Amino acid sequence: MAIASLRNAEFTRRGGNGSCTLATARVRRDWNHLSMNERKNYIKAVQCLWDLPRVDPDFSAAQNYFDEFVAIHVNRGDFIHYTGNFLTWHRYYIHLWEETLRNDCGYKGALPYWNWFKYQNNLAASPMLDGSDTSLGGDGEFFAHNGSRAVAGTVFLPSGKGGGCVKSGPFAGRTINIGPIRPGMDGHVPVMKSERDYNPRCQRRDLTNEAASRFTLDGLYDLLLGDNSFTIAHFQEKLQGEPGFMRMHGAGHYSMNGDSADVYSSPNDPAFYQHHAMLDRVYWMWQILHPQLADTVDGTQTFRNTPPSANATVDDILNVGVLGKHLPIKSMFNTLGNDPLCYIYA
Ligand SMILES: [Cu+2]
């Protein structure tokens, strides 16, 4: 797809705002296209988050600023998935991650995304997951288990070759502290109830090609231009997945599996941010292709409307805890709006 024409169409329609133009917007790129040095700079900035102190006195299990991100995702878990704010909350959340890396950790680049369609048959060979020094870690150590159950237990995935602690790459041996709360992998036992329960342990993965096989070009076409592209309700439902079907959002989490396959504490896997950048990239493309729908929401304020809640509106406030200002959903629609977003995708 000609991404450059999409960008131009978006800029022509919305215009830039203030100092945000196509020339000044941050360009989020495919991890595979970053140079070795660019990858190292990103990794160094993520490592810096483990040295920054946590801020929120309520989230007592958080030991550092990396955990602070995990904690708010746990805290808001029931109000940001299968809700009207799913796409915009996560758009804001990864923006704040990018901002923190830049403002507090000296990072100069934009947030890289994980291109789902490369290496999907062999995740372990992917430059993002191959366990090299310039990756976000490789597979976990072998841990015998009986596969995983995804999408509220309705989709079975066979076990991969990992399942235990991530054993290679720049983050090997580091400690995560929050969760697991609702993991999907057999043998990965949920022991925690909240972001206040301290549970230091290693980060686990089970690279699962079977999950990555759910990334299909037919599926992408269906979302962007096909039957499920014509309402925000269909688009976001089919992007996330419904009982019995794992779609792209779930497929990314279950491709990495282990700690990534926990709807609450999944940001424990540092590749969370690359997966969600790709998800946001698909949302961005959909918005450009459907300008009359781009600034709409559908759904309620609670996870599959459980417990029942009001319909979401564009004025609903996105609660990101101490990570940033609490802004309305409508401020997230325009990635060139400059208040606060100014980025495009390559
Ligand atoms: Cu999430």
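In listed order, ligands and their atoms are each counted from 1. None of the values given here were measured: they were computed from a predicted structure.
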| Donor-acceptor pair, Asn64 side chain versus Glu68 backbone, under 3.5 Å? | no
| task | Measure the acute angle between the ring planes of Phe235 and Trp286, then classify it against the limits of 30° and 60° as parallel, tilted or perpendicular. | result | parallel
| field | Within less than 2.8 Å of the Cu ion (ligand 1): protein N, O or S atom count | value | 3
| request: Under the ring-ring contact (aromatic ring centres under 6.0 Å, His included) rule, what do Tyr93 and His73 come out as? Steps first, then yes or no, please. | output: CA-CA 9 Å; Tyr93 181 68; His73 190 272; 5.7 Å; yes
| remark: From the list Arg39, Arg29, Gln274, side-chain contact (heavy atoms from CB on, under 4.5 Å) with Pro112 holds only for Gln274
| request: Would you give the length of the straight line joining atom CD of Gln63 to atom OG1 of Thr175, rounded to the nearest 0.5 angstrom? | output: 9.5 Å
| field | Heavy-atom side-chain contact between Asp67 and Arg54 under 4.5 Å | value | no
